[in-house]
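Throughout, a chain's letter reflects where its sequence line sits, starting with A, and its residues are numbered from 1. The basis for the numbers below is simple: all heavy atoms, side chains too, and nothing from hydrogens, waters or symmetry mates.
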Protein chains: 2
Amino acid sequence: MEELEHPDRAGLRIEAVLAALDHPVRLRVVRTLADGEELTCRQILPEMTKSSASHHWRVLRENGIVEQRRQGRNLYMRLRRADLDARFPGVLDAVIDG
Amino acid sequence: MEELEHPDRAGLRIEAVLAALDHPVRLRVVRTLADGEELTCRQILPEMTKSSASHHWRVLRENGIVEQRRQGRNLYMRLRRADLDARFPGVLDAVIDG
DNA sequence: CCTATAGTTCGATTCGATTCGAACCGTATC
DNA sequence: GATACGGTTCGAATCGAATCGAACTATAGG
């Protein structure tokens, strides 16, 4: 398993953010994490096949939407609200509020 | 030719906005129209084939990004900044400012 | 060590968006 | 009417993203 690579705040790109958010599954993930809670992958997408879910985790992480942290066997996800609000104020709220 | 159908302000959906903006050509169109100017299709995308351009115009219109107006042979485009700012404050600025 | 669990990676497939050419529609101009 | 111009529509081709199964890595627990 590779290291979990996240873009830093300055490295966030709006094009990447738009691409990451333009998918119903990933949009649902964002809304699930909207309250700031830190959840595991299985908690968020229990019904999806592992490989498909893993694909979406990578997109969300590499495009700067979530921060991921490994603890034991689990992968915990947290919305990067502070970073996203700082770089693109309003975008996350628009997505979450629908 | 069909009538130009635009969603009204209340009908704007963030999913549709994200889908419309998640494309380099359409992103360029939005940035070209950022200053509020009203331009014709040919002025904005002169190099693209007509059919491809027409496809993008439709996405931008039906997803609520631009308002289109026919005058003679020309189609004029205008960014729906007021509507988008009202429904999804910050999104358009984030996209335009990069 | 053995087994179960969580997630990744790979290759193949599927599916939708993009692209284009060609034919068409409407308008302007002669 | 004839021609040119600006866009649309259609069908076909292309291309990339999403999906999945299978094999794999790594950790937890017995």
B:Ile65 and B:Leu84 have their tightest heavy-atom pair at O-CD1, 3.9 Å

Take atom CG of A:Leu18 and atom C1' of D:dA17, then tell me their distance rounded to the nearest Å. 16 Å

Would you check if the side chain of A:Asn63 reaches a backbone N or O of A:Ala16 as a donor-acceptor pair within less than 3.5 Å? yes

Start at the 5' end of DNA chain D and walk down; is the nucleotide closest to A:Asp22 or to A:Gln71 reached first? A:Asp22

How many whole angstroms separate atom CD of A:Glu15 from atom P of D:dA17? 15 Å

Residue list, salt bridge (Lys or Arg N to Asp or Glu O under 4.0 Å) with B:Arg13, at least two apart or on another chain: none

Of all the choices, D:dA18, D:dA28, D:dC20, which nucleotide is nearest to the side chain of A:Ser52 once you look at every atom? D:dC20

Roughly how many Å is it from NE2 in B:His56 to C1' in D:dG7, rounded to a whole number? 15 Å

From A:Thr40 atom OG1 to A:Gln68 atom CD, the distance as rounded to the nearest 0.5 Å: 11.5 Å

According to the ring pair (Phe, Tyr, Trp, His ring centres under 6.0 Å) rule, which pairs have a member within residues 26-49 of chain A, sequence neighbours left out? none

Enumerate, atom names and distances included, each donor-acceptor pair closer than 3.5 Å involving a side-chain atom of residues 85-98 of chain B, sequence neighbours excluded.
{"from": "B:Arg87", "atom 1": "NE", "to": "B:Arg9", "atom 2": "O", "distance (Å)": "3.2"}
{"from": "B:Arg87", "atom 1": "NH2", "to": "B:Leu12", "atom 2": "O", "distance (Å)": "2.7"}
{"from": "B:Asp93", "atom 1": "OD1", "to": "B:Arg81", "atom 2": "NH1", "distance (Å)": "3.3"}

Residues from residues 26-50 of chain A lying under 4.0 Å of DNA chain C - heavy atoms: A:Cys41, A:Arg42, A:Lys50

The complete set of ring pair (Phe, Tyr, Trp, His ring centres under 6.0 Å) pairs with one or both residues in residues 58-79 of chain B, sequence neighbours excluded, reads none

Proximal nucleotide (of D:dT19, C:dG26, C:dT19) relative to the B:His23 side chain: C:dT19

Which whole-number value in Å describes the distance from B:Arg73 CZ to C:dT27 P? 11 Å

Please name all residues satisfying side-chain hydrogen bond (donor to acceptor under 3.5 Å, both in side chains) with A:Arg31, sequence neighbours left out, ordered by chain then number. B:Glu15

Would you say B:His55 reaches D:dG7's phosphate, i.e. side-chain N/O to OP1/OP2 under 4.0 Å? no

Show me, pair by pair, the donor-acceptor contacts under 3.5 angstrom made by side chains of residues 47-55 of chain A, not counting sequence neighbours?
{"from": "A:Glu47", "atom 1": "OE2", "to": "A:Arg28", "atom 2": "NH2", "distance (Å)": "2.7"}
{"from": "A:Thr49", "atom 1": "OG1", "to": "A:Ser52", "atom 2": "N", "distance (Å)": "3.4"}
{"from": "A:Thr49", "atom 1": "OG1", "to": "A:Ser52", "atom 2": "OG", "distance (Å)": "3.1"}

Which of residues 57-68 of chain B have a heavy atom under 4.0 Å from DNA chain C? none

Residues that A:Glu62 engages under side-chain contact (heavy atoms from CB on, under 4.5 Å), provided they are two or more places apart: A:Arg58

May I have the distance from A:Arg70 (atom CZ) to D:dA28 (atom P), rounded to whole angstrom? 12 Å

Sequence neighbours excluded - ring pair (Phe, Tyr, Trp, His ring centres under 6.0 Å) pairs with any residue from residues 27-46 of chain B: none

Between C:dT8, C:dT27, D:dG7, which nucleotide gets closest to the side-chain atoms of A:Ser54? C:dT8

Minimum-distance nucleotide (side-chain atoms of B:Leu75 versus C:dG7, D:dC5, D:dG7): D:dG7

When the C1' atoms of the five terminal pairs at each end define the local axes, what inter-axis angle does the helix from C:dC1-D:dG30 to C:dC30-D:dG1 show, to 10 degrees? 30°

Taking only residues two or more places apart in sequence, or in another chain, which ones meet A:His23 in a ring pair (Phe, Tyr, Trp, His ring centres under 6.0 Å)? A:His56

Tell me which nucleotide among D:dG7, C:dA28, D:dA18 gets nearest to the side chain of B:Asn74. D:dG7

From C-beta outward on B:Ser51, which listed nucleotide comes closest to its side chain: C:dT5, C:dC10, C:dG21? C:dG21

